[in-house]
Participant: 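Structure provided below as structure tokens; questions to follow.
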Amino acid sequence: MKAGLVQAAFRALPFGPLDRIVPGTALILAPHADDESLGCGGLIAACCAAGRPPVVAIVTDGAASHPHSHAWPAPRLRARRQAEARHAVSLLGLAPGRVVFLGLPDADAPHEGPAFDRAVATLAELAARHACGTVLAPWRHDPHCDHEAVWKMGVALRKMCDLSLLAYPVWGWLIAPDTELDQPPPHGMRLDIARHLPAKAEAIRAHESQYGGLIVDDPTGFHLPEKLLSVFDVPFEVFLDHE
């Protein structure tokens, strides 16, 4: 199925109530600090408003976004990205203590092996401690190695803990429309986040290190592209059933 048709199908999914999409407590797996706000910011705010705040696990340390910066070496950038994430989720109504940082290497999250197994075991303990019933992970076709790794963690966690698994697209929205994907017609629901859209936008902006204005001594450093940001300036979020 071509990516353009898949993306159009995302936008045409039926709306569903929060209780049906995420009954109980959700565990949101974010490959990097900012993915939680981009893909699930409205859902986080909605869950908090409903009195059942989710748990957010940020898998990588985010320290590879500006590898040539002298002013922001890895330890300083790592701390900054954690602070940004805590501030971002607080804008959505989530207590900073509900955010957990696994600290795996940015751009090198494991796809298998002992480090992968340890990460899944940590997530399983987190899910059990907070009685999570649903895990949310990036869409399997998101074209980023860390997103692919975290999707695999979500699949492993689902099997280990018998959780429901939903996927949320981030970079998958930017796949070229003519790209062929090993993807059947998607199933899932959209969540109406119109009332939470201003808070989501503010949370995304809280990730200042990823906007290109804070770290200015690495011209090769990462910055969130406007094309991606515009994708998430809409009053809904997409959550896909596990295939």
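The first residue in the sequence is number 1, and the count goes up from there. Note that the structure is a prediction, hence the values are computed from the model and not measured.
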Participant: Is there a chain of hydrophobic side chains (I, L, V, M, F, W, Y, each step under 4.5 Å between heavy atoms) that links Met1 to Leu240?
Facilitator: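 Same hydrophobic cluster.
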
Participant: Decide side-chain contact (heavy atoms from CB on, under 4.5 Å) for Val100 and Val56; before the verdict, give the C-alpha distance in whole Å, the side-chain angles of both, and the deciding distance to 0.1 Å.
Facilitator: CA-CA 6 Å; Val100 177; Val56 175; over 6 Å; no

Participant: Rounded to the nearest 0.5 Å, how far apart are CD of Gln210 and CG of Leu38?
Facilitator: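 If I round to the nearest 0.5 Å, the distance is 10.0 Å.
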
Participant: Fit a plane to each ring of His242 and Trp151, take the angle between them on a 0 to 90° scale, and name the class: parallel (under 30°), tilted (30 to 60°) or perpendicular (over 60°).
Facilitator: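 Geometry flag for Trp151 against His242: tilted rings.
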
Participant: What pairs of residues pass the salt bridge (charged side-chain N to carboxylate O under 4.0 Å, His left out) test when at least one of them lies in residues 2-13, not counting sequence neighbours?
Facilitator: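 Listed once each, the pairs are Lys2-Glu180.
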
Participant: Mark yes or no for whether Glu84, through its side chain, and Glu208, through its backbone, hold a donor-acceptor pair below 3.5 Å.
Facilitator: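 Side chain of Glu84 to backbone of Glu208, a donor-acceptor pair under 3.5 Å: yes, one is there.
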
Participant: Within a 6.0 Å radius of atom CG on Asp162, are there more than 12 heavy atoms belonging to other residues, nucleotides or ligands?
Facilitator: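 Atom CG in Asp162 is not crowded, with 12 or fewer foreign heavy atoms closer than 6.0 Å.
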
Participant: Looking at Thr134 and Val22, would you say the former's side chain and the latter's main chain have a donor-acceptor pair under 3.5 Å?
Facilitator: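 Answer holds: no.
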
Participant: Working to the nearest 0.5 Å, report the span between CG of Asp233 and NZ of Lys200.
Facilitator: 9.0 Å

Participant: Could you check Phe236 against Leu13 for side-chain contact (heavy atoms from CB on, under 4.5 Å), going step by step and ending with a plain yes or no?
Facilitator: CA-CA 10 Å; Phe236 63 84; Leu13 288 171; over 6 Å; no

Participant: Less than 4.5 Å apart, any side-chain heavy atom of Leu102 and any of Ile58?
Facilitator: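 In short, these two side chains do not touch, never coming nearer than 4.5 Å.
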
Participant: Among residues at least two apart in sequence or on other chains, which ones pass ring-ring contact (aromatic ring centres under 6.0 Å, His included) with Phe10?
Facilitator: Trp139, Trp173

Participant: Is His70 close to Pro73 at the side-chain level, that is, under 4.5 Å between some pair of heavy atoms?
Facilitator: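 Side chain of Pro73 against side chain of His70, heavy atoms only: no contact under 4.5 Å found.
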
Participant: So, for Ser209 and Arg80, which heavy atoms are closest and what is the spacing to 0.1 Å?
Facilitator: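 Heavy atoms of Ser209 and Arg80 come nearest at CB-CG, 4.4 Å.
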
Participant: Flag the pair Pro110 / Leu104 as yes when at least one side-chain heavy-atom distance between them is below 4.5 Å, and no otherwise.
Facilitator: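 Answer yes - side chains close enough.
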
Participant: Counting C-beta onward and ignoring hydrogens, is there a side-chain heavy-atom pair between Phe239 and Leu191 closer than 4.5 Å?
Facilitator: yes

Participant: Answer yes or no: is there a side-chain heavy-atom contact under 4.5 Å between Glu36 and Ile44?
Facilitator: yes

Participant: Can you tell me how far apart CD1 (Ile28) and OH (Tyr168) are? Round to the nearest 0.5 Å.
Facilitator: 7.5 Å

Participant: Any side-chain heavy atom of Pro54 sitting closer than 4.5 Å to one from Cys40?
Facilitator: no

Participant: Between Arg52 (side chain only) and Gly24 (backbone N and O only), is there a donor and an acceptor less than 3.5 Å apart?
Facilitator: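 Indeed, once roles are kept as given, a pair shorter than 3.5 Å links the two residues.
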
Participant: For Ala124 and Cys161, work out which heavy atoms get closest and say how close.
Facilitator: CB-SG, 3.5 Å

Participant: Please answer whether the main-chain N or O of Ala30 pairs with a side-chain N or O of Asp35 as donor and acceptor at a distance below 3.5 Å.
Facilitator: no

Participant: Give a yes or no answer on whether the side chain of Glu237 reaches the backbone of Leu43 with a donor-acceptor pair at less than 3.5 Å.
Facilitator: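 Flag set: sc Glu237 to bb Leu43 pair under 3.5 Å.
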
Participant: Is the side chain of Asp217 donor-acceptor paired with the backbone N or O of Ala71 at a distance under 3.5 Å, no angle test?
Facilitator: yes

Participant: Between Asp146 (side chain) and Ala109 (backbone), is there a donor-acceptor pair under 3.5 Å?
Facilitator: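 Here the side-chain-to-backbone pair exists.
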
Participant: Do you know which two heavy atoms are closest between Val135 and Gly154, and how far apart they sit?
Facilitator: CG1-O, 4.3 Å

Participant: As a quick check of understanding, evaluate side-chain contact (heavy atoms from CB on, under 4.5 Å) for Gln183 and Leu5, giving each step before the final call.
Facilitator: CA-CA 10 Å; Gln183 169 72 48; Leu5 295 176; over 6 Å; no

Participant: Give me the atom names and distance for the closest heavy-atom approach of Ala33 to His207.
Facilitator: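 Taking Ala33 first and His207 second, the nearest heavy atoms are C-CE1, 3.6 Å.
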
Participant: Side chains of His147 and Asp142: is there a donor and an acceptor less than 3.5 Å apart?
Facilitator: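 The criterion, which ignores hydrogens and geometry beyond distance, is satisfied for Asp142 and His147.
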
Participant: May I have the step-by-step check of salt bridge (Lys or Arg N to Asp or Glu O under 4.0 Å) for Lys152 and Glu148, ending in yes or no?
Facilitator: CA-CA 6 Å; Lys152 292 175 182 176; Glu148 294 168 5; 5.7 Å; no

Participant: Going by side-chain hydrogen bond (donor to acceptor under 3.5 Å, both in side chains), name the residues that satisfy it together with Arg129, two or more places apart in sequence or in a different chain.
Facilitator: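 Result, side-chain hydrogen bond (donor to acceptor under 3.5 Å, both in side chains) vs Arg129: Glu125.
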
Participant: So how far is it from Leu126 CG to Cys132 SG, rounded to the nearest 0.5 Å?
Facilitator: 6.0 Å

Participant: Considering residues at least two apart in sequence or located in another chain, which fulfil the side-chain hydrogen bond (donor to acceptor under 3.5 Å, both in side chains) criterion with His144?
Facilitator: none

Participant: Would you find a donor on one side and an acceptor on the other, under 3.5 Å apart, between the side chain of Thr179 and the backbone of Ile175?
Facilitator: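 Such a contact is absent between Thr179 side chain and Ile175 backbone.
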
Participant: If we ignore hydrogens and angles and just use 3.5 Å, is the side chain of Ser69 paired with the main-chain N or O of His66 as donor and acceptor?
Facilitator: no

Participant: Other residues, nucleotides and ligands only: do more than 12 of their heavy atoms fall within 6.0 Å of CZ on Arg76?
Facilitator: yes

Participant: What residues, two or more places apart in sequence or in another chain, satisfy side-chain contact (heavy atoms from CB on, under 4.5 Å) together with Ala194?
Facilitator: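 Ala194: side-chain contact (heavy atoms from CB on, under 4.5 Å) contacts with Asp192, Pro235.
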
Participant: Of the non-hydrogen atoms in Pro31 and Pro138, which two are nearest, and what is the gap between them?
Facilitator: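 Between these two residues, the closest heavy atoms are CG-CG, 3.4 Å.
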
Participant: Can a donor-acceptor pair be found, under 3.5 Å and without considering hydrogens, that links the side chain of His32 to the backbone of Val59?
Facilitator: no

Participant: Indicate the atoms forming the closest heavy-atom contact of Pro53 with Leu94, along with that distance.
Facilitator: CB-CD1, 3.5 Å

Participant: Give, for atom NE2 of His196 and atom CG of Leu91, the distance between the pair rounded to the nearest 0.5 Å.
Facilitator: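 So the gap between those two atoms works out to 14.0 Å.
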
Participant: Run the numbers on Leu228 and Leu174 for side-chain contact (heavy atoms from CB on, under 4.5 Å), then give the verdict.
Facilitator: CA-CA 7 Å; Leu228 181 67; Leu174 300 189; 3.9 Å; yes

Participant: Flag the pair Tyr211 / Leu224 as yes when at least one side-chain heavy-atom distance between them is below 4.5 Å, and no otherwise.
Facilitator: yes

Participant: Do you see a donor-acceptor pair shorter than 3.5 Å between the side chains of His87 and Glu202?
Facilitator: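 Short answer, no.
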
Participant: Judged by modelled atom types alone, do His141 and Asp182 share a side-chain donor-acceptor pair under 3.5 Å?
Facilitator: no

Participant: If you measure from the Lys or Arg side-chain nitrogens to the Asp or Glu carboxylate oxygens, is any gap between Arg81 and Asp34 under 4.0 Å?
Facilitator: yes

Participant: Show which residues join Trp72 in its hydrophobic cluster (side-chain heavy-atom contacts under 4.5 Å, direct or indirect), or state none.
Facilitator: Leu77, Leu214, Ile215

Participant: Say you draw a straight line from CZ of Phe15 to CE of Met189; how long is it, rounded to the nearest 0.5 Å?
Facilitator: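 That separation rounds to 12.0 Å.
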
Participant: Check whether any side-chain heavy atom of Leu157 sits under 4.5 Å from a side-chain heavy atom of Leu27, and report yes or no.
Facilitator: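 Leu157 reaches Leu27 side chain to side chain.
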
